[in-house]
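Just follow the structure's listing: the first ligand is 1, and inside any ligand the first atom is 1. One is the number of the first residue; the rest follow in order along the sequence. The figures that follow rest on heavy atoms only: side chains count, while hydrogens, waters and symmetry mates do not.
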Amino acid sequence: MSIPDAPAVRLRGVTKDFGDGIRGLDEVDLDLAAGSVTVLLGLSGSGKSTLLRHLNGLHPPTSGTVEVLGQDLGSLAPGALREARESIGMIFQSFGLVGPMSVLENVCTGRLGSLRGPRMGLFMYPRAVRREALEHLDRVGLADRAHQRADTLSGGQQQRVAIARSLMQHPRLLLADEPVAALDPVSSAQIIALLMRLREEDGLTIVAALHQVELAISTADRIVGLRAGRVVLDRETSTMTAQDAARIYDSVATPTTGELEELTDMHPAQVRA
Ligand SMILES: Nc1ncnc2c1ncn2[C@@H]1O[C@H](COP(=O)(O)OP(=O)(O)OP(=O)(O)O)[C@@H](O)[C@H]1O
Ligand SMILES: [Mg+2]
């Protein structure tokens with residue numbers, strides 16, 4: 001059981017240097033409440049994917065700490081990190097399904113992290129796993145497609161399969177890297193509605209990188225704007241409009257301290273020029 005009000009995510013001074021002077025994240029501090037939905041906004045290259053990869057332990061920070069669901073990921077031994085990552089689901093713009101594999105088997109692969117040995121073919125999975133996979137497919141409205149090849153589904157359907165696959169991990173934190181970037185507006189809205197339903201039903205904490213500002217404002221509890229790896233906007237959506245959020249894209253040039261203050265409502269001393 002999580003302690004009420006303990007943040008699901010707590011980042012302190014997280015900096016990521018990729019070498020050759022490339023800084024992916026720059027002194028990021030962030031607390032995200034359990035059960036909240038946060039959207040990351042920012043231009044291409046601003047660090048959204050890099051931040052998400054830190055939240056699931058794919059990238060260790062160069063400095064700073066990443067605590068997820070009460071655990072400091074940097075302090076965990078490899079086995080414990082693998083276990084911690086089991087509670088963190090991730091979906092992507094490109095869905096990441098195995099095309100020639102059936103929909104049901106794709107969903108079963110979501111359990112691979114906690115099963116021993118390789119699995120080739122649906123019937124290598126225990127019956128209970130197959131049954132559970134079917135239940136998750138039913139939740140995303142695709143039980144009738146279980147035995148279809150994954151690459152014959154529409155993009156929106158493939159993303160729903162990817163979500164069902166992530167549910168096999170029983171995640172408490174779901175990360176979504178531009179989950180609707182490849183979809184039409186109707187499919188996008190369906191995917192977002194599905195994510196919101198799962199948040200309600202499972203108490204999931206969701207962090208999603210999105211490029212659609214209107215969708216971000218109507219979906220998220222909170223918007224975090226990134227620019228050159230720095231958090232330059234951090235606001236509850238209830239206090240802002242889509243126009244406010246869109247200002248994150250206003251200028252490609254590094255904004256002045258004054259502009260940043262306006263964007264962020266941060267105290268000037270907190271904003272690095
Ligand atoms: N593995 C890596 N090695 C070197 N540089 C990297 C690596 N991953 C990311 N970067 C750099 O870090 C910066 C942030 O990249 P990131 O992919 O996080 O941006 P993004 O906000 O997700 O952009 P987009 O909207 O295009 O997906 C970029 O300058 C990128 O080139
Ligand atoms: Mg990205």
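- For S46, the heavy-atom gap to ligand 1 drops under 4.0 angstrom.
- Any N or O atom pair closer than 3.5 Å counts here, and H59 shares no such pair with ligand 1.
- In summary, the side chains of S36 and D221 do not present any donor paired with an acceptor at a separation below 3.5 Å, with no hydrogens or angles considered.
- The nearest pair of heavy atoms linking L55 to L173 is O-CD2, 4.3 Å.
- For atom 26 (O) of ligand 1, the nearest protein heavy atom (residue, atom name, distance) is S44 OG, 2.5 Å.
- Between Y249 and H211, the two ring planes are tilted [angle within 30° to 60°].
- Nearest heavy-atom pair across V161 and L142 is CG2-CD1, 3.8 Å.
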Inset, instruction - Report the C-alpha distance between E236 and T239 in whole Å, list the side-chain angles of each, state the deciding distance to 0.1 Å, and finish with yes or no for side-chain hydrogen bond (donor to acceptor under 3.5 Å, both in side chains). - result: CA-CA 6 Å; E236 303 287 331; T239 69; over 6 Å; no
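- With hydrogens left out, the protein atom closest to atom 23 (O) of ligand 1 is G45 N, 2.8 Å, a heavy atom.
- Considering only non-hydrogen protein atoms, atom 17 (O) of ligand 1 sits nearest to S49 CB, 3.8 Å.
- If you check which protein heavy atom lies closest to atom 12 (O) of ligand 1, you get F18 CE1, 3.5 Å.
- Residue contacts to the Mg ion (ligand 2): S44 brings no N, O or S atom closer than 2.8 Å.
- Here the protein heavy atom with the shortest distance to atom 18 (O) of ligand 1 is T50 OG1, 2.6 Å.
- Annotation: atom 27 (O) of ligand 1 to nearest protein heavy atom, E178 OE2, 3.3 Å.
- There is no protein heavy atom closer than 4.0 angstrom to atom 31 (O) of ligand 1.
- Comparing K16, R227, R53, K48 by heavy-atom distance to atom 25 (O) of ligand 1, the nearest is K48.
- The pair D31-R12 counts as a salt bridge, with a side-chain nitrogen and a carboxylate oxygen less than 4.0 angstrom apart.
- The atoms of ligand 1 that sit less than 4.0 Å from any heavy atom of H211 are 25 (O).
- No chain of hydrophobic side-chain contacts below 4.5 Å, direct or via other Ile, Leu, Val, Met, Phe, Trp or Tyr residues, connects M101 to L137.
- Look at R23 and D17 and you find a salt bridge, because one of the NZ, NE, NH1 or NH2 atoms lies within 4.0 Å of a carboxylate O, short of that distance.
- Tested against S102 for a side chain to side chain contact (heavy atoms under 4.5 Å, CB included), the candidates N106, L104, V98 yield a single pass: L104.
- Only the backbone of L43 comes within 4.0 Å of ligand 1, counting heavy atoms alone; no side-chain atom from C-beta on gets that close.
- Residue contacts with ligand 1, taken as heavy atom pairs separated by less than 4.0 Å, do not involve R23 at all.
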